[in-house]
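Worksheet: one structure, shown below.
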Amino acid sequence: MSIESIIKSKVIEAIKVCYGQDIDDKTIQIQKTRREFEGDLTLVVFPFLRFSKKSPEDTANELGNFLKEKINCIEDFNVVKGFLNLLIDNTYWISVLNQAVATKNYGFKALEPGAKKVMIEYSSPNTNKPLHLGHIRNNLLGYSVAQILKANGYEVIKVNLVNDRGIHICKSMLAWLRFGGGETPESTGIKGDHLVGKYYVKFDQEYKKEMEALIAEGMDADEAKKQVSLLLEAQEMLRKWEAGDVEVVALWRKMNDWVLAGFDVTYAKMGVDFDKVYFESNTYKKGKAIVEKGLADGVLYQKDTGSVWANLEGDGLDHKLLLRDDGTSVYMTQDIGTAYERFNEFKIDEHIYVVGNEQNYHFQVLSLVLGKLGYEWHDKIQHLSYGMVELPEGKMKSREGTVVDADDLMDEMVNTARDTSNELGKLEGYSLEEAEDVYNKVAMGALKYFILKVDPKKNMMFNPKESIDFNGNTGPFIQYTYARIQSVLKKAIDSGMEIPDLASDKLEISVKESMLIQLIANYPNIITEAGDATSPAQVANYVYDLVKEYNQFYHDFPIAKEENVDLRFFRLVLSKQIGEIIKSGMSLLGIGVPERM
RNA sequence: GGUCCAGUAGCUCAGUUGGAUUAGAGCAAUAGCCUUCUAAGCUAUGGGUCCCAGGUUCGAAUCCUGGCUGGAUCACCA
């Protein structure tokens with residue numbers, strides 16, 4: 001039982017004994033004592049004044065005396081206004097450290113039979129262009145949230161829904177046919193997704209040229225937009241694809257394969273993966289039967305022209321189209337179908353979609369429509385809605401070339417990491433492979449931490465001109481602290497010292513040391529909270545706080561050089577445990593830690 | 001126009017289930033600390049009408065109302 005819950009139960013007892021009142025434990029607020037006051041934990045007594053009918057100071061003193069008497073690890077207390085500051089003794093804190101050390105996968109809940117089953121969909125790229133910075137945020141969030149949910153003891157299924165069909169891919173296909181001269185990834189040495197993306201841009205350029213020509217000939221601008229022959233051809237291509245035209249399908253397959261091979265490389269570099277990949281070319285017709293059944297059941301309605309709609313006015317929204325006049329599916333229809341299949345096939349308890357906040361409306365509607373259709377799990381779909389990544393110039397636009405390409409960005413990060421590392425020259429004795437592994441970890445650590453430390457739901461700013469820092473509140477700073485700890489431990493062992501499994505609990509420890517243990521004690525709560533909030537940022541900020549405190553400790557206290565053996569052992573155990581938590585917390589963010597850097 | 005989200009230091013961000021007459025980090029700036037466990041570190045200094053105005057109460061960056069600013073969205077697109 002944690003010290004907080006012990007105190008809470010005793011506070012309830014105290015209020016009962018002293019003031020004859022039963023209180024809810026929600027009225028009990030225990031927080032970390034502020035730095036500038038003496039103590040470890042603080043009880044806020046204001047809520048109890050209406051029971052005690054005494055001044056805040058008197059109430060706090062009464063409660064303080066009661067708690068000190070009843071809880072033996074409370075050494076002393078002091079009162080500042082309505083705040084009761086409790087001093088917890090060293091023995092207790094050291095026992096907390098020892099417990100953490102003795103716990104395998106400290107802070108993680110094990111996967112047990114009957115665990116909650118969660119599916120998380122993320123990435124979901126289009127196959128007409130390479131991944132960019134926006135996708136990076138999506139992928140890192142999806143992967144990290146999956147890790148965090150697993151750490152909370154959930155069974156997690158990661159899925160990707162690849163949008164491999166539609167007018168956008170036809171545009172790339174058409175441009176490639178028209179202007180490509182038979183180029184392939186092999187013939188050009190260009191990564192498949194980038195090659196296809198090049199023709200997506202090419203299409204847009206040629207489209208604009210033709211449109212302007214039409215306008216110059218006197219055509220109305222709105223009309224010209226629709227009459228560009230390239231667009232008409234692309235639309236024709238999509239019709240052929242849907243009709244199963246052999247040539248179009250073969251070209252589609254070839255170019256999609258190029259892109260998917262490219263994505264695999266990017267995913268591997270990013271360090272994300274999936275348990276199952278869906279393709280829209282297989283799922284885009286799904287949901288039609290469900291919608292037709294809804295129509296038959298009278299929960300949906302049909303217009304004269306044939307289209308099928310959901311009336312959401314009762315929920316304060318509009319009408320939503322689910323089947324077109326010609327009976328074909330729209331995106332919403334497909335999502336209805338795939339959600340149904342997933343809940344049925346996997347018996348999942350919850351489904352999280354990692355999708356940008358531009359689709360908030362879509363997911364709101366999806367849940368409502370599923371509810372209308374009578375699926376009781378309609379409220380088990382959760383939209384993990386994240387904010388846009390903005391550049392100083394504003395939003396990224398792929399066709400205007402203002403995107404930050406994912407592959408380029410990652411490569412640049414690795415180059416920067418390599419240069420910095422070589423400048424500092426700390427990897428002497430490492431082989432080329434070992435060194436490259438460190439550069440990669442540091443580069444990706446910097447990028448991932450930069451993105452994940454920001455609250456997912458907020459928009460974030462990325463300035464490509466100012467490369468991501470390696471100092472301060474950054475991934476490399478955290479990795480560095482880990483490497484530092486490993487170095488101390490290694491030197492201690494090399495010089496013949498043993499690092500015991502447990503620290504002696506009869507020691508005088510400093511305020512800084514007890515603060516570090518309190519941070520360690522809080523790690524499990526952080527994992528729970530990050531899981532509830534689906535927010536890797538909470539883990540990131542926690543690890544940063546921990547590391548910042550540790551570096552101050554490291555600077556001010558000898559560890560392996562401490563003369564007092566028990567104290568030295570304690571500090572080695574403490575350092576080792578903090579290293580474990582850094583590694584563990586970073587793994588929740590999908591970030592690796594190097595032994596040296 | 002309707003709906004949703006955000007607004008905290010020059011910049012990037014924490015802090016938001018209401019708590020300490022003193023709102024935190026990092027970057028950038030300035031000044032220090034490497035014959036001692038990794039200086040990708042540590043220390044110090046300066047930097048704020050927590051968008052504005054009201055309200056709720058012992059107490060508000062945090063909750064409520066109204067406004068301002070920015071973003072997203074409201075397709076027989078995805």
Side-chain angles (χ1 to χ4, degrees), chain A residues 26 29 31 33-34 36-37 42 44-47 49-50 56 80-83 85 124 126 163 165-168 280 284 303 305-309 316-318 320-332 334-335 356-362 364-365 385 387-388 390 392 394-395 417 420-421 423-424 426 442 446 450 453-455 457-463 466 468-481 483-492 495 537-538 540-541 544-545 547-548 550-562 571-572 575 596-597:
Chain A
K26 285 193 191 87
Q29 294 177 54
Q31 52 198 236
T33 302
R34 289 223 158 199
E36 55 267 40
F37 300 101
T42 295
V44 184
V45 305
F46 290 108
L49 300 185
R50 60 199 183 97
V80 181
K81 295 186 173 176
F83 299 90
N85 300 323
S124 309
N126 293 348
N163 182 5
R165 65 163 286 278
I167 191 72
H168 49 85
E280 272 191 23
Y284 78 105
K303 286 192 178 172
T305 48
S307 53
V308 178
W309 299 73
L317 298 176
D318 219 334
K320 182 69 194 177
L321 175 93
L322 296 173
L323 288 176
R324 298 189 185 98
D325 284 344
D326 61 6
T328 55
S329 299
V330 293
Y331 187 51
M332 184 65 73
Q334 172 202 254
D335 262 358
N357 61 16
E358 66 223 341
Q359 291 192 36
N360 286 353
Y361 180 73
H362 173 82
Q364 199 186 346
V365 170
S385 161
M388 302 288 99
E390 288 164 347
K395 229 189 136 179
T420 308
S421 185
E423 239 170 71
L424 296 169
K426 287 187 182 163
V442 171
F450 181 86
K453 76 172 178 185
V454 181
D455 182 349
K457 66 171 189 282
K458 290 192 177 173
N459 288 356
M460 63 178 294
M461 174 63 68
F462 179 82
N463 189 345
E466 299 167 11
I468 294 174
D469 252 300
F470 288 3
N471 303 319
N473 186 358
T474 66
F477 168 61
I478 294 164
Q479 291 170 318
Y480 174 75
T481 307
R484 227 180 189 185
I485 291 171
Q486 301 320 305
S487 171
V488 174
L489 297 177
K490 186 173 183 302
K491 282 208 172 144
S495 68
Q538 300 197 6
N541 288 314
Y544 175 69
D545 286 341
V547 161
K548 180 135 186 61
Y550 182 81
N551 273 313
Q552 290 167 2
F553 163 73
Y554 176 94
H555 184 266
D556 294 339
F557 295 84
I559 301 167
K561 299 204 167 177
E562 168 59 41
R571 288 180 184 159
L572 286 167
S575 298
R596 278 175 63 186
M597 68 182 275

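Per chain, numbering begins at 1; letters A, B, ... match sequence-line order. Just so we're clear, the structure is a prediction, and the values are computed from it rather than from any experiment.
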Exercise for the section: Return yes if some donor-acceptor pair links the side-chain N/O of A:Ser307 with the main-chain N/O of A:Lys303 below 3.5 Å, else return no. Expected result: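 No, because the side chain of A:Ser307 does not come within donor-acceptor range (under 3.5 Å) of the backbone of A:Lys303.
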Identify which nucleotide among [options] has an atom closest to any side-chain atom of [X], counting heavy atoms from C-beta outward.
{"X": "A:Lys548", "options": "B:C4, B:G19, B:C42", "value": "B:C42"}
{"X": "A:Arg324", "options": "B:C77, B:G19, B:A6", "value": "B:C77"}
{"X": "A:Met461", "options": "B:U12, B:G26, B:A6", "value": "B:U12"}
{"X": "A:Phe37", "options": "B:C42, B:G19, B:A20", "value": "B:A20"}
{"X": "A:Asp469", "options": "B:C13, B:C27, B:U73", "value": "B:C27"}
{"X": "A:Asn541", "options": "B:U43, B:A20, B:A14", "value": "B:A14"}
{"X": "A:Lys458", "options": "B:A14, B:A25, B:C58", "value": "B:A14"}
{"X": "A:Asp455", "options": "B:A14, B:C74, B:G26", "value": "B:A14"}
{"X": "A:Lys81", "options": "B:G7, B:C42, B:U21", "value": "B:U21"}
{"X": "A:Thr42", "options": "B:A20, B:A78, B:G71", "value": "B:A20"}

In whole Å, what is the span from the [atom1] atom of [X] to the [atom2] atom of [N]?
{"X": "A:Phe83", "N": "B:G59", "atom1": "CZ", "atom2": "P", "answer": "13 Å"}
{"X": "A:Arg50", "N": "B:C58", "atom1": "CZ", "atom2": "C1'", "answer": "13 Å"}
{"X": "A:Asn357", "N": "B:A72", "atom1": "CG", "atom2": "P", "answer": "9 Å"}
{"X": "A:Met460", "N": "B:U8", "atom1": "CE", "atom2": "P", "answer": "16 Å"}

Practice task
With sequence neighbours left out, write down each residue that passes ring-ring contact (aromatic ring centres under 6.0 Å, His included) with A:Phe557, or none if nothing qualifies.
Solution key: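 For A:Phe557, the residues satisfying ring-ring contact (aromatic ring centres under 6.0 Å, His included) (neighbours in sequence not counted) are A:Phe553.
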Handout entry: Close side-chain approach of A:Ser487 to A:Arg596, heavy-atom, < 4.5 Å
Key = no
Partner nucleotide of [N] by Watson-Crick or wobble geometry (both distances under 3.5 Å):
{"N": "B:A61", "value": "none"}
{"N": "B:U3", "value": "B:A72"}
{"N": "B:G66", "value": "B:C52"}
{"N": "B:C37", "value": "none"}

Completion exercise
A correct 5'-to-3' footprint of nucleotides 33-39 of chain B, with B, S and - meaning base, sugar-phosphate only and no protein heavy atom under 4.0 Å, is ---SBBS
Problem - Stacking check A:Phe46 vs B:G19 (5.5 Å / 30 deg) - result: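 Whether judged by distance or by angle, A:Phe46 passes, so it stacks on the base of B:G19.
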Classify [X] by what it touches in the nucleic acid, base, sugar-phosphate, or nothing, heavy-atom distance under 4.0 Å.
{"X": "A:Gln359", "value": "base"}
{"X": "A:Asp335", "value": "nothing"}
{"X": "A:Phe477", "value": "sugar-phosphate"}

Practice task
Verify whether the ring centers belonging to A:Phe450 and A:Phe462 lie closer than 6.0 Å.
Solution key: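 Yes - the distance between ring centres of A:Phe450 and A:Phe462 falls below the 6.0 Å cut-off.
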Exercise for the section: Using the C1' atoms only, state how far B:A6 lies from B:A61, rounded to an integer number of Å. Expected result: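 Straight-line distance between the two C1' atoms is 14 Å.
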Exercise for the section: Please assess A:Phe83 against A:Arg34 for the test side chain to side chain contact (heavy atoms under 4.5 Å, CB included), listing each intermediate value before the final yes or no. Expected result: CA-CA 11 Å; A:Phe83 299 90; A:Arg34 289 223 158 199; over 6 Å; no
Handout entry: A:Ser575 side chain to A:Tyr550 side chain, donor-acceptor N/O pair below 3.5 angstrom
Key =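 A donor-acceptor contact under 3.5 Å links the two side chains.
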Practice task
Scan side-chain atoms only and decide if A:Asn551 and A:Arg484 contain a donor-acceptor pair under the 3.5 Å cut-off.
Solution key: yes
